[in-house]
Amino acid sequence: MAMQPWFTDAKLGIFIHWGIYAVDGVQESWSFYDDIVPHDRYMSQLDRFTAARYDPRDWAKLFARAGAKYAVLTSRHHDGVALWDTAYGDLNVGRDLIGGYADALREQGLKVGLYYSHSDWSHPDYASTRKPGRPPELEDNRYSEVAAEDEDLDAWERFLAYRDGQIRELTSRYTPDLMWFDGEWDRSEEQWRIRELAALIRSEVPDVVFNARMLSEGDYATPEQGAPVIPPEGPWELCLTINDSWGHQHHDHHHKSVDQLIRYFTETIGGGGNLLLSVGPREDGTITDEQRERLEGLGDWIARHAEAVYGTERGLPPGHHYGPSTLSKDRRTLYLTLFDAPRAEINVRGLLSGVRRVSVLGSGTELAHEITGGLHETPGILWIQPPAAADLDPHATVLAVELEGELELYRGAGRF
């Protein structure tokens, strides 16, 4: 399947980790899997999960103000608790919390993403087999696997039927634009029956986008938390938390600053990726002021520099400019991001294309520029006069470098 262009043009998505784990503020699913919280205590949160102030339209408007073009909601995490009134399995919140979310996003022109975990550590038939090739001496986790001699393949078939039933509900009810899978490490592609699962989903939503955790059927790479030093070649997405937690944890006040988020964002889109920024609503459905402020701060910066964000592709490779950059789709305008107030000229190396004009994005102030040096096939260096203080953005300044033709770069080592 060809990659859907809306995804690579989106640049920013919002990842919503919302579930019963927000009640006590424990880690989603892993807290019982790793025996930090007893399973029965973890599940007792279900009775206290109210969603009493859940307003999906408020969410969607906030995400739109942040500059996002899509969002991804955890419809079911590894704990098995569904956020809709599923007819499959015994664990759900007893009402539909997804329909309003999908409708609200579409009202704002945002694409609808749903997270679904391949694994379900609470389903009675899930821990009925083990991943092929797993060494027998490794300790089994009772929530995910059994010893080889205790495998029950009939139980595994029942689990797959349950999973397929839930997937049919999600695709037929909400027609998601993106399905974001997780938990793929627990089993092999053949055990998950990935091709059959992909065919099932595409029978309802032919143009759906899959992340890489759909294995051979995935459309894009999904690095998590750590920004890649060398970006993936194809489409990709960096999953990042605003603080240190995916879901709401009451004690976690270690939030990234707006400056830091802008750096993550510009470096990600400069490398050709999207930023999928996670928020963790409280159990009542409200998003904390700290997270709202950061989303709005990022959105304000994006709105001022939208030309350098939307309708662009990955910019210069490392070594040409000290900072991230993007390139217009017609490959005739480079957008250079400056994080600090420059004390001297800004330089760009290896430009074979001539430069027609350089200006500050936002103010439109034109900046003087010249090219010095160069020998034979090796081009000279472009020097740009630094912007005046009045033209500097408080977070990150962007320069628009208009080229005389399409971008051409010199990537050689020069004359020896």
Below 4.0 angstrom, N of the basic side chain to O of the carboxylate: do [X] and [Y] qualify?
{"X": "Arg134", "Y": "Asp186", "answer": "no"}
{"X": "Arg331", "Y": "Glu313", "answer": "yes"}
{"X": "Arg202", "Y": "Glu217", "answer": "yes"}
{"X": "Glu296", "Y": "Arg65", "answer": "yes"}
{"X": "Asp125", "Y": "Arg163", "answer": "no"}
{"X": "Asp164", "Y": "Arg193", "answer": "no"}
{"X": "Asp340", "Y": "Arg263", "answer": "yes"}

key: Pairs where residues 87-102 contributes a residue and the test side chain to side chain donor-acceptor pair (under 3.5 Å) is met, not counting sequence neighbours   =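 Pairs touching residues 87-102 that pass the test: Asp96-Tyr174.
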
Is the centre of the [X] ring less than 6.0 Å from the centre of the [Y] ring?
{"X": "Tyr126", "Y": "Trp156", "result": "yes"}
{"X": "Tyr220", "Y": "Phe210", "result": "no"}
{"X": "His251", "Y": "His253", "result": "no"}
{"X": "His39", "Y": "Tyr33", "result": "no"}
{"X": "Trp180", "Y": "Tyr115", "result": "yes"}

inquiry  = Students often mix this up, so state it plainly: with edges at 30° and 60°, are the rings of His77 and Tyr21 parallel, tilted or perpendicular?
reply    =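 Correct class here is perpendicular.
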
task = Classify the angle between the aromatic ring planes of Phe265 and Trp301 as parallel (below 30°), tilted (30 to 60°) or perpendicular (above 60°).
result =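 Answer is perpendicular, since the angle exceeds 60°.
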
ask   = Passes side-chain contact (heavy atoms from CB on, under 4.5 Å), Leu334 versus Leu407? Steps please.
value = CA-CA 8 Å; Leu334 267 174; Leu407 174 68; 4.1 Å; yes

inquiry  = With rounding to the nearest 0.5 angstrom, report the CD to CG distance, Glu406 to Asp330.
reply    = 7.5 Å

[X] and [Y]: which non-hydrogen atoms are nearest, and at how many Å?
{"X": "Asn347", "Y": "His321", "value": "O-ND1, 4.2 Å"}
{"X": "Asp393", "Y": "His395", "value": "OD1-N, 2.8 Å"}
{"X": "Asp79", "Y": "Leu91", "value": "O-CD1, 3.8 Å"}

query = With Asp284, which residues qualify under salt bridge (Lys or Arg N to Asp or Glu O under 4.0 Å), at least two apart?
reply =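 Salt bridge (Lys or Arg N to Asp or Glu O under 4.0 Å) list for Asp284, sorted by chain: Arg53.
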
task = Using atom types as modelled and distance alone, determine if a side-chain donor or acceptor of Arg314 lies under 3.5 Å from a backbone N or O of Ile269.
result =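 No, the answer is negative, given that no donor and acceptor are paired below the 3.5 Å cut-off.
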
message = I'd like to know if the side chain of Asp252 and the backbone of Asp244 have a donor-acceptor N/O pair within less than 3.5 Å.
response = yes

message = I want to check a possible cation-pi pair here: Lys69 against Tyr310, using under 6.0 Å from ring centre and within 45° of the ring axis as the test.
response = yes

key: Arg213 to Phe181 six-membered ring, cation-pi geometry met (6.0 Å, 45°)   = no

ask   = Is the closest side-chain donor-acceptor distance between Thr74 and His17 under 3.5 Å?
value = no

request  = For Lys131, look at atom NZ and say whether over 12 heavy atoms of other residues, nucleotides or ligands are found less than 6.0 Å away.
outcome  =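 Yes, the 6.0 Å shell around NZ holds more than 12 heavy atoms from other groups.
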
